[in-house]
Each structure stands twice: as structure tokens, then as C-alpha cells.
Student: 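Before I ask anything, let me first share the structure, which is written out below as C-alpha cells.
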Amino acid sequence: MIIHPVIKGQVAKSCHPVGCGRAVAEQIAYVRQAPQIAKGPRKVLVLGASSGFGLASRIALAFGGARADSIGVAFERGPSEKGVGTAGWYNLVHFSHQAEKEGLIARDFVGDAFSQEMRARVADYIREDFGGSVDLVVYSLATGARPDPQTGELIRSAIKPIGGQTCGYSIDLERDCLEQQCLPAATDQEIEDTVKVMGGEDWVSWIRFLDGEGLLAEGCQTLAFSYVGPECTHAIYHEGTLGRAKAHLHRSADKIDAALEVIGGQAHVVVCKALVTKASVFIPGLSPYLLALFRVMKEMGLHEGCIEQMQRLYADNIYRADGVIPVDGERLVRIDDREMRADVQAQVTQILAQMTPETFRQLGDYDGYKGDFMKLNGFGFDDVNYDQDVDLDPFDAA
Ligand code: NAI
């Protein structure tokens, strides 16, 4: 099968199995030479392990010093008569292959992390084949919908402002243009639903379940990810439906933290830098900000991608030599510190003031943004021949 990129709006409709392998290999190469995670965990469960921060966490913890065994849970599709499947599928296959070559355990569960069935399958595996417990649980799910735990009915999140409409540009990656988009204020139901989908309820439920089954090791850590961002993104994020969901996530961390005290465990929310991931390209109004931010941070030598963020998170924050996890006044771990620097934000604000559909390619880092998006799907690697036939058989079972 010859596979070329197919993009519809903000969605990649194809992915390249060999290119996905390159992306995983690049991340592994980065963490091998970066400052190492000295006192890391041994047994890790990553929920949302196939892309973005979840995949980068797993790579950092396996190859960036800790040599952790890992279980990855993700919702992905392999190759079939319907098509090539999803990039995350190939990321899992490549990661596990590399980890096993290194003598590490890497076990993947593909299916719905919100389901009871998935909890039971993971628990059985931890008990029977993974040494009986985990010492880190990374909660990195990002999704637009989840089934209601009581009724099974599908609940959908809505990315909307609260209180009034907001307008901003979003990027059409298919046509390489900026488009003005206005979003109406969310209804109360939409706010509630977004909190259900992207808040902390499911994280609490996973930890409660694993704890109840006696599968959390003494001193177990658990993490989830959040975003705060500067003022110009607040209407669509921090003060919108997603922000409400994140506020719920932050409160959930405190709840879990208190519950883990008996086993000497801790729960933290990590505030990350804004990045191009499968999920973030859907947030209207965020793209122009990302274009300006990437340009400024690259020029200042401060830019980081998912893998740089995650390696720094574990090496310098969660598993520091002195055992202290640095937090802000709200007990949040801030690895968005470079993004939020006053000098970075001052320059970003200047660029944004001049950004229009005519100027965005000159003013912002559109090539970098699009390049990251293409790489998420295995495209744009110089050493991959995209005209060559790809044999999908070896990827048939993750
Ligand atoms: P992503 O889209 O790259 O990865 C999401 C993961 O969740 C994938 O592994 C996917 O398979 C999995 N998943 C989704 N639904 C699932 C289900 N029902 N069952 C099992 N697995 C499922 O997302 P990204 O961007 O890495 O986001 C992870 C977290 O980081 C989110 O909480 C997000 O809000 C947060 N974050 C993202 C930022 C960004 O700029 N991308 C910035 C700061 C925080």
C-alpha cells in the first residue's frame, strides 16, 4: 500500500506506519541524551499512551533514565480492509517493540479506558503478570466523548466560551489558511458535559479502583495534565468549558492526594505548554497563539515539544534527587514556566496584534506548526520514502 497524507480541515485521514516509527525513534533518541531521570518509577500505567503527553511520558520513563516497565491504554485502530488505521496504533507497536528490545516490559491495551471492562483487564494483568502493583499512574486521556458511567449514554464535550460568544481564528490545515470562527456561549448542559468528559471524575474512579484492588505500590504517584495559558487564550480555554473541566481536574488531584496519604502516595496536576497534538488543533482561537508562541520560543531557544516537556517533568520535577516536587500556590506543577515568561508573552502579544489571514505565514511559525502536525501522523520525515509500498501485515496485532 502506498500511503500519502490526506488532511480534511484539522483532521488527518491517513497515517504512515514507517513514519510513525521514525517519530517514536526520534523521541527515544532525544531522551537518551537528555538529563536523565535518576530516581524514577519501575512500574508505570499510562492511560492515553498512544500519542501526545501520554506517549512522551512512556518514552521518557522507559528510555530517559528510569528504565520503567509500562502498561499503555489507548483507543486506536489497526490496519483493516477499511484503511490503514490510526497513528496511535503504530506508535504503540513501535514503542513496545523498542522497549522489549531493551529488555523492558511494555504491554498495550487497546479499547475504551472509561469502561469497567478495561479496568478489570488492566487489574488482572497487573496482578498476574506485572509484579502486582504500579508506582506511577499517568492519566493523559483526551477525548471529545465518553459513555456515562451510570447509563452508558454517550456524553459529548463542547469547546466553547462561557458567558458570551468569542471569535478567533482557527487554522485549516488542508487549505493552509486562517479562518475566522465565532463560537456561541456554552449552555449549562454543555458545561456540565465537558466537565464529565474532560474533568477528573474518571481519573478519581481509576485510582479508587486500583487502590481498592490493592494494586498501587507504597509511595505511588499519579499525574494528570492541564493548561492555563495567557490572557489572550482565556476566553476559549481557561474561562471556557475546558477551563471548567480542568478546574474539576485540579480539585480531583487534591481529593486523590488525600486518599493516597495512607500509602504515602501523591497526586498532582501538571500544567504543560501549549503544543500541537491530535487534540489541541481542534481548539478554535488557540492556533494563532501557537504560531506566534512557537516563533518566539524558537527564536529565544526555549521551544519544547511533548518529549522535551515530559523528560524535564520527570527528571527535574517529579523524580528530583531531593524527593521534593516543586508546586505553585495551587499545588500545580508548572512546566509551562518558559511559555509564561513575561519576555516571551510580550513578544507573542506584539505578533498577535498584527496577525491576519494574509500575514500569519510570515509572522508565525506556520511551517513548524504544520510540520509538527504532519509528524504526528508519520509524514514529513526526510529519510522515509513515501512513494514506497508499505507492508501492513507486521502491524496487524498490537
Ligand atoms: P492526544 O490526543 O495526543 O492523546 C490522547 C490519548 O488519549 C491517546 O492515546 C488516545 O488514544 C487516548 N484516548 C482517548 N480516548 C480514549 C478512550 N476512550 N479510551 C482509551 N484511550 C483514549 O492528547 P494530548 O494533547 O496529549 O492530551 C493529553 C492531556 O494533556 C489532556 O488532558 C490535555 O488537556 C492535556 N494538555 C494538552 C496540551 C496541548 O497543547 N496539547 C497542553 C496542556 C495540557
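Start at 1 and go down the list; that is how both ligands and their atoms are numbered. Both backbone and side-chain heavy atoms feed into the values below; hydrogens, waters and symmetry mates do not.
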Student: Please check: side-chain N/O of Thr359 versus main-chain N/O of Thr356, any donor-acceptor pairing under 3.5 Å?
Tutor: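 Present.
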Student: In terms of the angle between their ring planes, are Phe53 and Phe225 parallel, tilted or perpendicular, with boundaries placed at 30° and 60°?
Tutor: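 Aromatic pair Phe53/Phe225 classed tilted.
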Student: Anything with a heavy atom under 4.0 Å from ligand 1 counts, so go ahead and list those protein residues by chain and number.
Tutor: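 Residues near ligand 1: Gly48, Ala49, Ser50, Ser51, Gly52, Phe53, Ala74, Phe75, Glu76, Gly111, Asp112, Ala113, Phe114, Ser140, Leu141, Ala142, Thr143, Met198, Phe225, Ser226, Tyr227, Tyr237, Lys246, Cys272, Lys273, Ala274, Leu275, Thr277, Lys278, Ala279, Ser280.
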Student: Which side-chain N or O atoms in residues 30-39 pair as donor and acceptor under 3.5 Å with protein atoms at least two apart or in another chain?
Tutor:
| unit_1 | atom_1 | unit_2 | atom_2 | d |
| --- | --- | --- | --- | --- |
| Arg32 | NH1 | Glu102 | OE2 | 3.2 |
| Arg32 | NH2 | Glu102 | OE1 | 3.3 |
| Gln33 | NE2 | Tyr30 | O | 2.6 |
| Gln36 | OE1 | Gly65 | N | 3.1 |
| Gln36 | NE2 | Val31 | O | 2.8 |
| Gln36 | NE2 | Arg32 | O | 3.4 |
| Gln36 | NE2 | Ala34 | O | 2.7 |
| Lys39 | NZ | Ala321 | O | 3.3 |

Student: Mind jotting down which residue pairs meet the side chain to side chain donor-acceptor pair (under 3.5 Å) criterion with at least one end in residues 372-385? Sequence neighbours excluded, please.
Tutor: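 Sorted pair list: Arg22-Asp383.
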Student: Could you give me the CA-CA distance, side-chain angles and deciding distance for His94 and Phe395, then say whether ring pair (Phe, Tyr, Trp, His ring centres under 6.0 Å) is met?
Tutor: CA-CA 9 Å; His94 287 293; Phe395 299 103; 5.5 Å; yes
Student: Keeping to residues at least two apart or across chains, list the disulfide (SG to SG under 2.5 Å) pairs with something in residues 55-172.
Tutor: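 Counting only pairs at least two positions apart or across chains, the disulfide (SG to SG under 2.5 Å) contacts touching residues 55-172 are Cys167-Cys182.
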